[in-house]
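One structure, as structure tokens, below. Some questions next.
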Amino acid sequence: MSGALGKDLLGLEYITADQIRRILDTAEPFKEISERAIKKVPVLRGKTIVNLFFEASTRTRISFEFAEKRLSADTVNVAASGSSVTKGETLVDTARNLEAMRIDMVVMRHMSSGAAKFLADRIESSVINAGDGKHEHPTQGLLDLLTIRDHRPIEGTKVCIVGDVLHSRVARSNIWGLLKLGAEVAVCGPRSLLPLGIEELGVRCFRRVEEAIEWADVLNVLRLQLERMEAGYIPSLREYYRVFGVTVERLEKAPRDLLILHPGPMNRGVEIDSRVADGPHSVILGQVTNGVAVRMAVLYLLAGGNPDLAEAAKGGADR
Amino acid sequence: MLPTERQLLLDEGAIARTLDRMAQDILSQTPDPSRLVLIGVQRRGVELAARLARALAGTSGAEVPRGALDITLYRDDLEVVGPRPLVGETHLPVALEGRHAWIVDDVLFSGRTVRAALDELADFGRPARIGLAVLVDRGGRELPIQADVVGERVPTSPGDRVDVFVRELDGRDAVEVVRGGRAGS
């Protein structure tokens with residue numbers, strides 16, 4: 001079946017444009033479920049899902065948990081503190097313990113790039129990557145795509161990712177997803193926070209945020225982490241805001257209205273002006289709403305399991 | 001594989017007459033027409049509900065509220081057939097409390113779709129009564145479910161298929177029985 005997902009969702013780099021479109025199309029009707037008085041459908045009844053978070057997360061974990069509960073799955077949250085976990089051996093042990101408890105799916109966030117694949121290779125359950133190091137955060141990429149698609153066709157749209165692209169798994173998932181769906185992609189930020197050789201992916205680089213704003217239809221503004229200043233990537237947060245901050249003054253000079261995305265949590269007055277974050281072109285809260293729908297779609301598409309069986313039974317419904 | 005044979009059960013005119021009669025049957029079984037709501041099952045049930053609503057409006061003069069139900073997420077066969085593409089949204093125009101709701105679908109076969117629709121409606125509210133109206137009853141029930149209003153009954157064997165075509169989606173109105181049309185059944 002075209003667009004069927006495999007066992008896991010590890011990153012948008014590893015799935016096709018058809019699979020991405022199938023997830024987004026499936027997410028559309030899931031939006032309505034969250035508007036019902038009884039926000040629940042029985043489709044994943046009896047499925048057990050473990051939310052395994054080795055790194056702090058509020059929004060993503062809650063979003064996954066809502067998605068799971070609205071599909072009637074049973075969920076367990078495991079928050080492993082970073083200090084008690086060493087990667088490698090301990091993750092194998094964790095995987096074996098989870099398998100022994102007969103679970104169906106694991107949603108995992110981990111500080112190491114590649115941790116989701118590592119786990120997926122070792123357990124039979126489905127693994128959904130909820131962020132692995134600097135690698136990917138596929139459901140964030142998908143919800144960004146869905147949010148852009150709510151407002152304009154993705155193909156041909158110019159999207160610029162602004163900020164700390166180097167350390168950002170959100171940026172990576174966005175770049176893969178956007179390129180696969182035919183968007184034009186650019187990045188903008190201090191040279192020290194842009195990955196070397198990113199142009200080879202077909203991504204344009206802007207050194208000045210004014211140029212990015214003039215070019216783009218959509219800005220995806222990344223969170224600037226305080227640690228980056230301490231590590232010497234940027235001189236100061238104030239300096240960053242002065243040079244790269246997405247402000248009303250800068251947006252007023254744009255030739256067209258830009259759609260403003262931000263994966264959260266926001267640092268108001270660092271990467272984004274409060275008046276922009278709360279302004280008429282901000283779709284930041286729409287992203288959060290779409291996050292639940294897109295995660296419901298991913299859970300639903302992975303839960304059915306066997307695509308060969310689905311192919312065999314196609315057309316055998318209630319006719 | 002056995003050769004398949006396609007038979008016309010209802011043509012455009014027959015469908016129109018059948019729906020008119022079904023509208024009358026629905027009205028006669030609804031004590032208070034002002035509380036009527038028609039709920040089409042995605043996808044062809046939605047179109048049929050729209051036509052029934054027009055026929056009812058022509059008779060009683062009152063607008064009949066109608067909704068749509070996608071029962072995909074209430075199916076009992078996710079393990080067997082895997083995730084199906086969701087075909088349409090679910091929307092109900094009015095609160096169901098105290099209403100006389102009619103589920104409208106194209107073909108009644110195993111009854112599993114109706115079971116799913118009943119479960120889904122229960123999550124939206126508590127209608128005073130729920131009726132079932134289908135264009136074609138082809139027999140073969142796997143659950144204790146019967147329709148209150150039936151357009152046409154046709155005996156079929158499990159290997160047959162009933163195809164309903166509606167102008168809005170398929171460009172023409174017809175009901176055809178395809179003998180031996182269900183591969184693998």
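Chain letters run A, B, ... following the sequence lines, proteins first, then strands; residues in each count from 1. Heavy-atom basis, side chains included; hydrogens, waters and symmetry copies ignored.
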Task: Non-neighbouring partners of Arg99(B) that pass side chain to side chain donor-acceptor pair (under 3.5 Å), sequence neighbours left out - done: none
Task: Option passing side-chain contact (heavy atoms from CB on, under 4.5 Å) with Leu38(B) (candidates Leu48(B), Val64(B), Ile103(B)) - done: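 The residue from Leu48(B), Val64(B), Ile103(B) that satisfies side-chain contact (heavy atoms from CB on, under 4.5 Å) with Leu38(B) turns out to be Val64(B).
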Task: Note: Glu136(A)-Arg169(A) ion pair, threshold 4.0 Å (strictly below) - done: no
Task: Geometric class of the Phe30(A)/Tyr300(A) ring pair [parallel <30°, tilted 30-60°, perpendicular >60°] - done: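 Because their plane-to-plane angle is over 60°, the rings of Tyr300(A) and Phe30(A) count as perpendicular.
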Open item on the list: Main chain of Leu169(B), side chain of Glu47(B): is a donor-acceptor contact present, judged purely on distance under 3.5 Å?
Closed with: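 Side chain of Glu47(B) to backbone of Leu169(B): no pair is present.
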Open item on the list: Per the salt bridge (charged side-chain N to carboxylate O under 4.0 Å, His left out) rule, what does the pair list look like for residues 137-146 of chain A, sequence neighbours excluded?
Closed with: none
Task: Residues in residues 141-151 of chain B near chain A [non-hydrogen atoms, under 4.5 Å] - done: none
Task: Toward chain B, the part of Leu71(A) with a non-hydrogen atom under 4.5 Å - done: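 Interface part for Leu71(A): neither.
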Task: Quiz item: cation-pi between Arg122(A) and Phe118(A), 6.0 Å / 45° - done: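 Verdict for Phe118(A): a cation-pi partner in Arg122(A).
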- [ ] Name the region of Lys31(A), side chain, backbone, both or neither, that has any atom closer than 4.5 Å to a heavy atom of chain B.
- [x]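 Contact with chain B involves no heavy atom of Lys31(A) at all.
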Open item on the list: side chain to side chain contact (heavy atoms under 4.5 Å, CB included), that's the test. Do Ile103(A) and Ile49(A) meet it? Break it down for me.
Closed with: CA-CA 6 Å; Ile103(A) 52 151; Ile49(A) 303 177; over 6 Å; no
Open item on the list: Can you see whether Phe64(A) has Arg61(A) sitting over its ring - NZ or CZ less than 6.0 Å from the centre and within 45° of the normal?
Closed with: no
Task: Lys39(A) versus chain B, the contacting section by heavy-atom distance below 4.5 Å - done: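 Looking at Lys39(A), nothing touches chain B.
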Task: Members of residues 115-129 of chain B whose heavy atoms come closer than 4.5 Å to chain A - done: Glu120(B), Asp123(B), Phe124(B)
Open item on the list: Looking at Glu124(A), I want to see if its CD is surrounded by more than 12 non-hydrogen atoms of other residues, nucleotides or ligands under 6.0 Å.
Closed with: no
TODO: Check each of Val41(B), Val114(B), Val104(B) against Leu132(B) using the side-chain contact (heavy atoms from CB on, under 4.5 Å) test, and report the only one that passes.
DONE: Val114(B)
